[in-house]
Structures are given as structure tokens and as C-alpha cells.
Amino acid sequence: MTTFRERLRALPVLPDGLPGWEIADLDALPATPHQLFETWFDETVAAGATGPHAMTLSTSDGHGAVRARTVILKDLTADGWWFAGHSTSPKGRDLATEPRAALTFLWRETGRQVRVTGTVTSHPEVGAADFLARPDASRAAGLVDHQSEVLGDLAEHRRAWADALDRVRADPRLIAPAWTAWCLAPYEVEFWQSGTGTGQTRLRYRPDATVGAPRAAWTKALLWP
């Protein structure tokens, strides 16, 4: 019988035939990480990726305890990467205490990874619009709240969810009071591409700290894999 370690090592990490990423001129790349991210995202969708908008959100409580969970990307604007949830949840409490976080996208189909690190701000008015755009079942789940609290049994949750669903259907404008949207404004964005036979390519964007540089100016650099 094989060990768990042996079974892990036998699994493929990325598909074969990845083209890699040759960068001869940094100036020829998109001026902002937002532009490159959107291009990579569209290419990943075209490659048939499942859930390309799913991302790992990593937060800290300010005392060294780090938590990570998967959330959904809601939007990408010049301000940053957007996601939503309860301000009373563990991630909400973490972000209220330590408003710096990291997002990680892994797109296996294209052999790519994107890491976004920055400062997070809360926007309840955007969160309200996001909540109203959710399907009834998702809005009901949001109204139940109590995220990460101890649950006595599953039947208790099912009853609470069914009651919340009735409330949502009776009032289409009902919004969970603690629901908010967050925007992560990046101070570093890294793009990682694997290639079959070419190894890995890493590219980092950081805001340009040059005196007099425009607000949207970014400095690009290649990194050792």
C-alpha cells in the first residue's frame, strides 16, 4: 500500500504543454497590474477554468493569528479588487483590526497564479447593492448570519435559513444589516506563469515611488522563481 505522501507526489500539479511566458521588454507589458489581470482572467475563462473568480483571502487579527478562506471576486476597478461579506464575520473583524490583506488566484488550466497584497477599505453602500443582486437563496444565507459561531445541530440552521428565505421573498429589498463590500487597494501585485520546459516566470508590479510620478504609475520587475 502506498503512503499518503507517495500518493501526493504521484499527482500532476499543472497540465502539460503550457507555453510559458517570455518577457523581453518590461515596457511592452501593460502599464498597470489591473490591465494584465483582466487579460489573464479573460484568457483563463476562455481556457474553460472552473470558478476563475474564486480567490483565497488571507487576513490577520493583528496579534499574529492568520486566517484564510475562499471568497468570490466581485469587481475590479481602478481602486482595486472587490469582495463582500458580513462585517461581523471573522474576516470582517480581522479587517477592522488589521486592514491589510492578501488575495491569491490559482488558475491551473493556464498554469498561472496571481497574488495581490494591499490595504482594505469597507464600503457598505456597495455591499448593499451586491446583496440585492444575489439570488434569493444566497440572500437568505446572508440574513441568517452567525457566521463561524458554534451550531447546535443542522436542523437549527435549516429552520433559520427557511425563515430567512420567506422574509427575502416577502421583501425583495431586504438587506442584511452587517453586509458590506471591501476593496483591496494593492501595493504589490505578482504574476506567476509556469511553462513546460521553460520553468517559471514571475513579474511584480509596485506603485512608483518616484517623486512626481502619476498616481497610477507602476514599476515592473522580474523576480527569481
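No hydrogens, no waters, no symmetry mates; every other heavy atom, side chains included, goes into these values.
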Given the rule in the side-chain contact (heavy atoms from CB on, under 4.5 Å) test, do Trp82 and His123 qualify, once you have shown the distances and angles that lead to the verdict? CA-CA 10 Å; Trp82 292 78; His123 302 265; 3.7 Å; yes

Assess whether side-chain contact (heavy atoms from CB on, under 4.5 Å) is satisfied between Phe191 and Leu36, documenting all intermediate values. CA-CA 9 Å; Phe191 296 84; Leu36 182 56; 3.7 Å; yes

Worked check of side-chain contact (heavy atoms from CB on, under 4.5 Å) between Phe41 and Trp107: CA-CA 9 Å; Phe41 184 87; Trp107 297 324; 3.8 Å; yes

Gln113/Phe105 under side-chain contact (heavy atoms from CB on, under 4.5 Å): CA gap, chis, key distance, verdict: CA-CA 5 Å; Gln113 181 178 196; Phe105 296 83; over 6 Å; no

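Thr39 contributes a side-chain N or O that, together with a main-chain N or O of Gln35, makes up a donor-acceptor pair within less than 3.5 Å. Of the possible donor and acceptor atoms, none in the side chain of Arg112 sits under 3.5 Å from a partner among the backbone N and O of Trp192. A donor-acceptor pair is defined here as one N or O able to donate and one able to accept, closer than 3.5 Å; such a pair exists between the side chain of Arg202 and the backbone of Trp224. Side-chain atoms of Arg139 come within 3.5 Å of backbone N or O of Pro172 as a donor-acceptor pair.
Trp40 has its side chain within reach of Gln193: a pair of non-hydrogen atoms, C-beta onward, lies under 4.5 Å apart. Using a 4.5 Å heavy-atom cutoff, the side chains of Arg69 and Lys91 are in contact. At least one side-chain heavy atom of Pro90 sits under 4.5 Å from a side-chain heavy atom of Arg67. At a threshold of 4.5 Å between non-hydrogen side-chain atoms, the residues Met55 and Thr70 do not count as touching. When side chains are defined from C-beta on, Val114 does not count as touching Thr104, because their heavy atoms never get closer than 4.5 Å. Between Thr121 and Trp182, every side-chain heavy-atom pair lies at or beyond the 4.5 Å cut-off. Residues Leu174 and Leu143 are in side-chain contact: their nearest non-hydrogen atoms beyond the backbone lie under 4.5 Å apart. At least one side-chain heavy atom of Lys220 sits less than 4.5 Å from a side-chain heavy atom of Leu203.
Within 6.0 Å of atom CZ in Arg108, more than 12 heavy atoms from other residues, nucleotides or ligands are found, so the atom counts as buried in its surroundings. Few gaps surround CD on Glu125; more than 12 heavy atoms of other groups in view lie less than 6.0 Å from it. Counting non-hydrogen atoms of neighbouring residues, nucleotides and ligands closer than 6.0 angstrom, the CG atom of Asp153 exceeds 12 such neighbours.
The OG atom of Ser89 lies 11.0 Å from the CD atom of Glu149; values are rounded to the nearest 0.5 Å. Atom CG of residue Leu73 and atom CZ of residue Phe83 lie 10.0 Å apart, to the nearest 0.5 angstrom. Separating the OG1 atom in Thr3 from the CZ atom in Arg9 is a distance of 10.0 Å, to the nearest 0.5 Å. Atom CD in Glu38 sits 9.5 Å away from atom OG1 in Thr32 (nearest 0.5 Å). Note: Leu29 CG to Leu222 CG = 8.0 Å, rounded to the nearest 0.5 Å. In this structure, OG on Ser194 lies 12.5 Å from CH2 on Trp21, to the nearest 0.5 angstrom.
Defined by atom type and a distance below 3.5 Å, a donor-acceptor pair is missing between the side-chain atoms of Thr180 and Ser87.
A pairwise comparison of heavy atoms in Val168 and Ala140 identifies CG2-N, 4.0 Å as the closest pair. Shown here for Leu26 and Ala221, the closest heavy-atom pair between the two residues is CD1-CA, 4.3 Å. Across all non-hydrogen atoms, the minimal contact from Ala101 to Val120 is CB-CG2, 3.9 Å. Of all heavy-atom pairs between Asp16 and Thr196, the closest is C-OG1, 3.8 Å. Shortest non-hydrogen contact noted between Ser58 and Ala68 is OG-CB, 3.8 Å. Counting all heavy atoms, side chain and backbone alike, Leu18 lies closest to Gly111 at CD1-CA, 3.7 Å.
For Trp81 and Phe37, the distance between ring centers is under 6.0 angstrom.
In the hydrophobic cluster analysis, where Ile, Leu, Val, Met, Phe, Trp and Tyr join through side-chain heavy atoms closer than 4.5 angstrom, Leu223 is grouped apart from Val116. The hydrophobic clustering, which links ILVMFWY residues whose side-chain heavy atoms are closer than 4.5 Å, places Val126 and Phe131 apart.
Checked for salt-bridge contact, Arg93 and Asp61 miss the test: no charged N lies under 4.0 Å from a carboxylate O. For the pair Glu188 and Arg115, the salt-bridge criterion is not met [side-chain N within less than 4.0 Å of a carboxylate O].
Relative orientation of the Trp179 and His86 rings is perpendicular, given thresholds of 30° and 60° on the angle between their planes. Ring orientation note: the planes of Tyr205 and Trp218 are nearly perpendicular, at an angle over 60° on the 30°/60° scale.
Taking the salt bridge (Lys or Arg N to Asp or Glu O under 4.0 Å) definition, one finds that Glu156 meets it with nothing, sequence neighbours left out. Qualifying salt bridge (Lys or Arg N to Asp or Glu O under 4.0 Å) partners for Lys74, counting only residues two or more places apart in sequence or in other chains: Asp130.
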